[in-house]
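A quick write-up on the structure given underneath.
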Amino acid sequence: MTTTADYTEKIPNNVSLHEDRRLQRALESWQPNFLHWWQTMGPTLPTQDVYLRTAVNVGRDGWAQFGHVAMPEYRWGIFLAERDPGRKVGFGEHKGEPVWDKVPGEYRAELQRLIVIQGDTEPASVEQQRNLGATAPSLYDLRNLFQVNVEEGRHLWAMVYLLHAYFGREGREEAEELLHRNSGSLDSPRILGAFNEETPDWLSFYMFTYFTDRDGKYQLGTLKESAFDPLSRTCEFMLKEEAHHMMVGTTGVDRVVQRTVEVMRSRDTDDVAGLGAIPLPVIQKYLNFHYSVSLDLFGGETSTNVANYYTAGLKGRWLEDRRKDDHKLTSDSIMVDALTEDAGTGELSIGQTEVMALTGLNTDLRREYISDCQGGVKRWNRILEEAGVRYRLKLPHIAFNRKVGAFAGIEASPDGEKLTAGEWQRRQGEWLPTDVDKTYVRSLMQPVHQRGKIAAWIAPPRNGINGQPFDYDYVHLA
Ligand SMILES: [Fe+2]
Ligand SMILES: [Fe+2]
């Protein structure tokens, strides 16, 4: 294997694809299906070309190059991080053994499932975001949207490569299915709930890239620990690209908050609806929604499947090697969120319960994610503080608006107060975007496709892309 991609091939890759003609042919016959999917389900705004980065190398420095590219001609390729020949399994019952270059027969079904679930999210987000180009607030933002889209397409390639290379006919069938399921489709929806929600406006897009792409970061982080080395190396390189997606979300929300406080101060009012900015309480509602649906992506608080994945070495913990325990967890326990029953009254309340550490691994991962999410809130609140605004954003309680896990059957306020169904019905409009909020946000989404110009509801970015100025010609529209 080399670190530099071979661009003379139909499918750029650093996995010596030309040495395996059968695999190469199989992927080359999937390629037109992918392109058909991109043309029919990908970005709808017609463009000539876009200033995009393309992965060319997996090495530490200079792994990507930038240039104007016609999107259908983007070089989607297959890149695995460099192989560490001495790498050992870091956890579970195989801890200390050499990692696997092939799929062990006994774990085949589980590994295939993990790869399909990850693979399904990648094209889903492209589908969810396909119409956003028509309302982009600037060419800079438009370019970032397309960058995220082409890289999610490449992440699909990454998973399809694993399916084709290691899972035989079943893997090839799954690769086809990844193009046939579609976000929001009634007949064949995407596998996970959050990936069937639409991304109808740019505030949703920034929240999605902040909260939902960040879920992706944590899932990839656990797969990067896998004893199945090709999966580990694939995910390691995907994480590198993923960082930009989250930057788009973090700074996108920064800029919305920034613009809102500017309008609040210049007009000396909190009520900026009607003044072309997005009121802070509406930003909070969007945050509440995207955060709570992203929490659901981590699954139930306890899971025997995930315990088995861990013991088998298929999926580790976030930053497994930094954990100071035996990396087997067979005798450890963890407190997980739960509905607890009062022994006297039988009433259920929001609490915690102790379980085996292995079965509580979803909770462990969700907690890592939550503390990472706090970072964004802190940053946005600093903008409010510096502007002398009293309002503060916050993450809602873990039980708020949950559809998966211990709290799926109850309703709770963002402060974690348990509510009756009636109270929830009456009050959810205070906490989640209402039709009025969504209509207002959508009314602001007028396209600004002129070079160097920006929509009134968002501040310009501090920096351009790859050292280019904000008014660079990031996108040439068709
Ligand atoms: Fe991705
Ligand atoms: Fe992403």
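Indexing begins at 1, ligand by ligand and atom by atom, following the structure's order.
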Need one value: angle at the Fe ion (ligand 1), E242 atom OE1 versus E122 atom OE1, rounded to 10 degrees. 160°
Which atom of D213 approaches the Fe ion (ligand 2) most closely (N/O/S): OD1
Is H164 reaching over with its side chain to a backbone N or O of Q24, donor-acceptor style, under 3.5 angstrom? no
Taking the Fe ion (ligand 2) as the vertex, what is the angle from ND1 of H245 to OE2 of E152, given to 10 degrees? 90°
Output the atom name for the N/O/S atom of H155 with the smallest distance to the Fe ion (ligand 1). ND1
Do Y107 and F228 have ring centroids that are under 6.0 Å from one another? no
For Y474 and I465 the tightest heavy-atom approach is OH-N, 2.9 Å
Cationic tip of R367 above Y369 ring, under 6.0 Å, 45° of axis: no
